[in-house]
Amino acid sequence: MPHETSPLSLAQSLLRCPSVTPEEGGALAFIEGVLKQAGFEVHRPVFSEPGTPDVENLYARYGSGEPYLLFAGHTDVVPPGDASRWTHDPFSGEIHGGELYGRGAVDMKGGVACMMAAALDFIRNTPGFKGSIGFLITGDEEGPAVNGTVKLLEWAKGRGERFDHCILGEPTNPNQLGDMIKIGRRGSLTGRIVVEGKQGHVAYPHLADNPIPGMMRLLSGLLSEPLDHGTEHFDASNLEVTTVDVGNLASNVIPAEVRATFNIRFNDLWTPQSLEEEIESRLREAAGNTVRYRLTMDPTNAVAFLTPPNAFVGFIADAIKAETGFQPKLSTTGGTSDARFIVKDCPVVEFGLVGQTMHQIDERVPVADLDRLTGIYRKVLDAYFAAAS
Ligand SMILES: [Zn+2]
């Protein structure tokens, strides 16, 4: 039986799959069925890693020519929490007051549905088009993210796949559809400091060594100067001390040790390596030869990246303007995303639904937004492949 391919119907079908990470929940099987019927070649690689659950993924391609435009996203969702607190069952795909309810409505099954609807409509109406359209859909974005996009990209490269451009359909708009395109993301780096002293009685401080003043010097050394003042497309990098822990319950004991953790969201002036060197140098200076400390940095794969505004970004901005009337802001704000992995293979831009209800009880999307986002992706496809021919 042919599948119904309106964005609403596709989104409802996806929402009805209980695909909480790492469960596939039927979501990828559904996408496979729809795309195969439209002539896509579809693969469903499963990836494993010791200590993490196996995860199913999907890769699909239509056409063999160039240019190759890739749509990327995920079908896994965060848990719904207490389902009884939802107005409508989180996995029922119900519509109420013009809004479609369900876990993943905006993050990001709704976005995936719009990409599919747009691609299928483009293929139907553009006989003989020369390029390729692909889908790179992971089931491991909201979880540990080790058996998802990174491995899927490696797998695709191993098959000789080469992408020209990518649209990642995460919910990028803060308030309304058309607000914001993400053309880059900041990197993230976490560091941990331990200052060691010597425990003792507060009345006999000469027999002890309190590590807290030393930690205070180190932290003020870290925070004394801004890391930078921002760049053309990025805000200034920001260091936040997220915790300082002593765990000392006694008011008459000098503690033996104090620990602190900080996280830095950094722009394109830094790499994790150059940032680590900067942190080490600030701590060395603040410590002088009196504070004994240890610094460790958590491993990170969250580097900063930028897709400079170019013709591709222009196609998306123009399509948004035509469909919504808004001139979208080109932004690099917010947390990290899978775009940081994709950008190693091709320029990537993020644009999807409105993020307001993501990860919340009663996550939902206006049905009108699904139609308009589909219209935007559809216009991008027209402009992208017209420019290439
Ligand atoms: Zn997401």
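Both ligands and their constituent atoms are indexed starting at 1 by order of listing.
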Is the distance between the Zn ion (ligand 1) and the nearest N/O/S atom of E141 smaller than 2.8 Å?
no

For the Zn ion (ligand 1), which N, O or S atom of [X] is at the shortest distance?
X	answer
D107	OD1
E170	OE1
H74	NE2

Evaluate the criterion side-chain hydrogen bond (donor to acceptor under 3.5 Å, both in side chains) for residue pair D228 and W270; output intermediate values, then yes/no.
CA-CA 10 Å; D228 56 64; W270 302 94; 2.7 Å; yes

Please report whether the ring centroid of F40 lies less than 6.0 Å from that of F135.
yes

Going by side chain to side chain donor-acceptor pair (under 3.5 Å), name the pairs with one or both residues in residues 195-213, residues two or more places apart or in two chains.
E196-R294

Honestly, is R103 close enough over F91, meaning NZ or CZ under 6.0 Å from the six-membered ring centre and within 45° of the axis?
no

